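Step one of this worksheet: look at the structure below.
So you know, we letter chains A, B, ... as the sequences are listed, proteins then strands, and number each from 1. Please read these numbers as outputs of a predicted model, since none were measured by experiment.
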Amino acid sequence: MLALLLRRILVAIPTLILVSMIVFMLQKIMPGDPVLALAGEERDPVVLAALRETYRLDDPLPMQYAAWLGQVLQGDLGKSLRTDVPVLELVAQKLPVTLQLAVMSILFAVMIGIPAGILAAVRKGTAVEWGANIAALSGMSIPNFWLGIVMIMLVSVQWKLLPASGYVPPTEDFWLSMKTMVMPAFVLSTGIAAYLMRHTRSAVLEALNADYVRTARAKGVPGRRVVLHHALRNALMPIITLVTLLFGELLAGAVLTEQIFTLPGFGKLIVDAVFNRDYAVVQGVVLCVAVGFILMNVLADILYIVVNPRLRHP
Amino acid sequence: MKNMKRNMLAASLALMAGSVMAQDFRIGLQEDPDMLDPHRARTYVGRIVFTSLCDKLVDIDQKLQITPQLATSWAWSADNKVLTFKLREGVTFHDGKPFDAAAAKANIERALTLKDSMRRSEMSSIESAEAPDAQTLVLKLKQPDATLLAALTDRAGMMLSPATFTDDTAAVARSPVCSGPYKFVSRVQNDRIVLEKYDQYYDAKNYAFKRIIFRPIPDTTVRLSNLRAGDLDILERLNPSDVTQVKGDKSVQFMPVSGLGYVRFMFNIGNSERAKANPFNDKLVRQAFALAVDRNVINQVVGENTFVPAQTAYPAASPFHDEKKFPVTGRDVAKAKALLKQAGKPTVKAELVYGNNTTTSAIAEMVQAMAAEAGFQLSLRPTEYAAMLKESTSGNFDVQLQGWSGRPDPDGNVHTFLTCKGAQNDGRYCNPEVDKLLDQARVVTDLAARKDLYDRAETIMQDEMPGSYIYYQPWLFVASTKVQGFTPSPDGMIRLKGVSLK
């Protein structure tokens, strides 16, 4: 298992370098000039030249990249062009927000999606399955930003039940933190819950038709136990893959959700940075997201081994 | 009896809640400000934060008159080359250190010498700053500068505690120490900036709130929802398309004010190769275009009657605004067609570039339709803001919709856009006569003489038409009905003196 992990981590390094190079190139292709974006209405040519020099924006691309990589290897992700705050500090500030949002959404999605999927599989052909399918289709096709705005209008403006936006860390005030997070986490979870429901449904259906389930039933194992213990356990494998992969989707979805609910997380950080051409921030954040994504994949590998004993002795 | 007790309890709870709420004042901003160092800052929203955080030497009032702030009085020398300020006594910075002439001198010098100071060009006339005694600041100028006092009403005149001027320049922005009514507490980028009342402020009794919380919420719909849900007390820059909804909502008050800036068409007359093939490099075509557009209709349809039609760069609040001399051009399609015919181009194909948002898109589409009736075939190119800046400087446009947030002094609204070497003259209009007049207007301090210079320059430009003004940019504030005592200012700042919550 250790060897597997090591192998995974070794493969990750070139991936990271490639990701950082692609992002670097993409940013440079992006139309616009960071110094002009930075200067906004104050276009003093002397200052613009000074800014270009400070941020080495006139150097050839490979040199800019090498300088950035050199910094990163020393543990320095640079500073925001716009506010002078170190990128690492920004990441540390925003990561907990997005993580909290992601974890809560995954929890919501799992709590909604998996039971709904099992029910739909077990009650195949009944109104329950139809209901679950319609809910899943809606969850997948309703855009987050629309659902978010509608929920703000209803829950915050009309009923005044939850705050419309903002973020409070759970360490500061746990319940207030939950209150500010419930709506965005729910909005973000809908799409994922729908995917989970559909995949759980088909995986459980497949498992229920498998020989070993028939054997179990023949041996007189009670129905509930057959579904939860025999079928679900095998069905869980593809679901775990899905959940970990969806984590990436979650980060992408968080971009919109964080904008709507003005949550100061990763998504908002990166969108604002792209619009302001704050290269250092975009670069640093993408690198962190890539690291997170790779870690999630390693985690998936470990979970496989935990769930499926056959993988322990290859 | 039981009921009475319950009522009393409810009443006292309500009172308590009221007093707790009155402690905080929450302001919704359209963007997250950039660095909170007045010498390096660049954004409009940053200025809103500074208004509560950093006092300036002087301020401006609703009529754009210069009023005392950290300086109680000022005087020009006979040759207009020495400006002497008498400074307020008993003022301290938020770190408790006294504000005096030496501190003011240190600030002026920092603004002039810091490598990436954004204030250098607006203060370039200053040769030296001197502090003959603790309450006197003397600025010696290279040449007379009529624009300097107006510049000192903004970030150039803001005073930081010199104790923070260390080698770590970034530290100032992370934790600015000024002398305004509120002091800096904390900032979470993209989330909030928190200020707290500075009890030693010389005018502290007129500031009601314990804390001011600035919250950047870029989406206008979401910003408005937050206000209506009671999570904000005031917001800036409402989308004009939401005006009707806000006017019909009893829980909020709509507080618009016509600002100091404008929106105009800028024509590419001499920037890059593209200008040579641009039909708008012909004066007659530009004049025809200005005649094809109905500014009143834009005001009514897109602006919901908040877009005051414009003819010059000087807004209604400015003493340089002159409606009699320069009345707003009405729409005249026949005349526009005649001008195009005279120019030998009965149909004109060109591209209109604009920063992409709902308001500008609506304007661009209307203009496309209106101009078509006169013979213009406009194609529209909506462009993301940062990309548009680049297109603008490199001259990749025929005509561009350009917005300017405005400055109290007329110079700030024209010089950089219309002089041959102006930093923001992206259309590259160049007329030495206009340059001469606008340069002269910088050094003449007499108001009437100055206005005459601007009028003369304007007369030339109304004919040559390097740009065509559409409307003066309004600042659309919306506040909760609990807010009282707030008056929106033409400069778009939120001044909290005398403001309270019911």
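Taking A:A39, A:P34, A:A49, A:G265 one by one and counting their heavy-atom pairs under 4.5 Å with chain B, the maximum is reached by A:A39. Put simply, of A:L48, A:D272, A:L269, the one with the most heavy-atom pairs under 4.5 Å next to chain B is A:D272. When each of B:S394, B:G230, B:P33, B:A173 is scored by its heavy-atom pairs under 4.5 Å with chain A, the top score falls to B:P33.
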Residues B:D168, B:R174; criterion side chain to side chain contact (heavy atoms under 4.5 Å, CB included); working and verdict | CA-CA 10 Å; B:D168 183 9; B:R174 282 199 297 272; 3.1 Å; yes
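Across every non-hydrogen atom of A:L263 and A:G166, the tightest pair is CD2-O, 3.3 Å.
Heavy atoms of B:E122 lying under 4.5 Å from chain A belong exclusively to its side chain. Interface remark: B:R192 contributes side-chain atoms only to the contact with chain A (heavy atom separation under 4.5 Å). Only the side chain of A:L51 has a heavy atom closer than 4.5 Å to any heavy atom of chain B. For chain A, the nearby parts of B:R228 are the backbone and the side chain; heavy atoms of each come within less than 4.5 Å. Only the side chain of B:T43 comes within contact range of chain A, judged by heavy atoms closer than 4.5 Å. Heavy atoms closer than 4.5 Å to chain B are found in the side chain of A:K160, but not in its backbone. For A:R277, the part lying near chain B is the side chain, with the backbone staying farther off; criterion is any non-hydrogen pair under 4.5 Å. B:V188 touches chain A through backbone and side chain together, each having a heavy atom under 4.5 Å away. B:D116 touches chain A through backbone and side chain together, each having a heavy atom under 4.5 Å away. If you measure heavy-atom distances from A:Q158 to chain B, you find no contacts under 4.5 Å at all. Only the side chain of B:E384 comes within contact range of chain A, judged by heavy atoms closer than 4.5 Å.
Looking only at distances, no side-chain donor or acceptor of B:N239 sits under 3.5 Å from a matching main-chain atom of B:S241. Of the possible donor and acceptor atoms, none in the side chain of A:D76 sits under 3.5 Å from a partner among the backbone N and O of A:V72.
Geometrically, A:K268 does not engage A:F266 in a cation-pi contact, judged by NZ or CZ lying under 6.0 Å from the ring centre and within 45° of the ring axis.
Below 4.5 Å, heavy atoms of chain B meet heavy atoms from A:L90, A:Q93, A:K94, all part of residues 90-102 of chain A.
Of the charged side-chain nitrogens involved, at least one lies within less than 4.0 Å of a carboxylate oxygen, so that A:D33 and A:R52 count as a salt-bridged pair. Residues A:D278 and A:R82 are not paired through a salt bridge, judged by the lack of any N-O separation under 4.0 Å between the basic side chain and the carboxylate. Between B:E236 and B:R223 no salt bridge is recorded (no basic side-chain N to carboxylate O distance below 4.0 Å). The pair B:R274-B:E351 meets the salt-bridge criterion, with a side-chain N (NZ, NE, NH1 or NH2) lying under 4.0 Å from an Asp/Glu carboxylate O.
Across B:R40, B:R42, B:R187, a single residue satisfies salt bridge (Lys or Arg N to Asp or Glu O under 4.0 Å) together with B:D34, and that is B:R42. Put simply, the residue from B:R110, B:R120, B:R119 that forms a side chain to side chain donor-acceptor pair (under 3.5 Å) with B:H39 is B:R110.
At most 12 non-hydrogen atoms from other residues, nucleotides or ligands lie less than 6.0 angstrom from CZ of A:F186. Within 6.0 Å of atom CZ in A:F275, 12 or fewer heavy atoms from other residues, nucleotides or ligands are found, so the atom counts as exposed in its surroundings.
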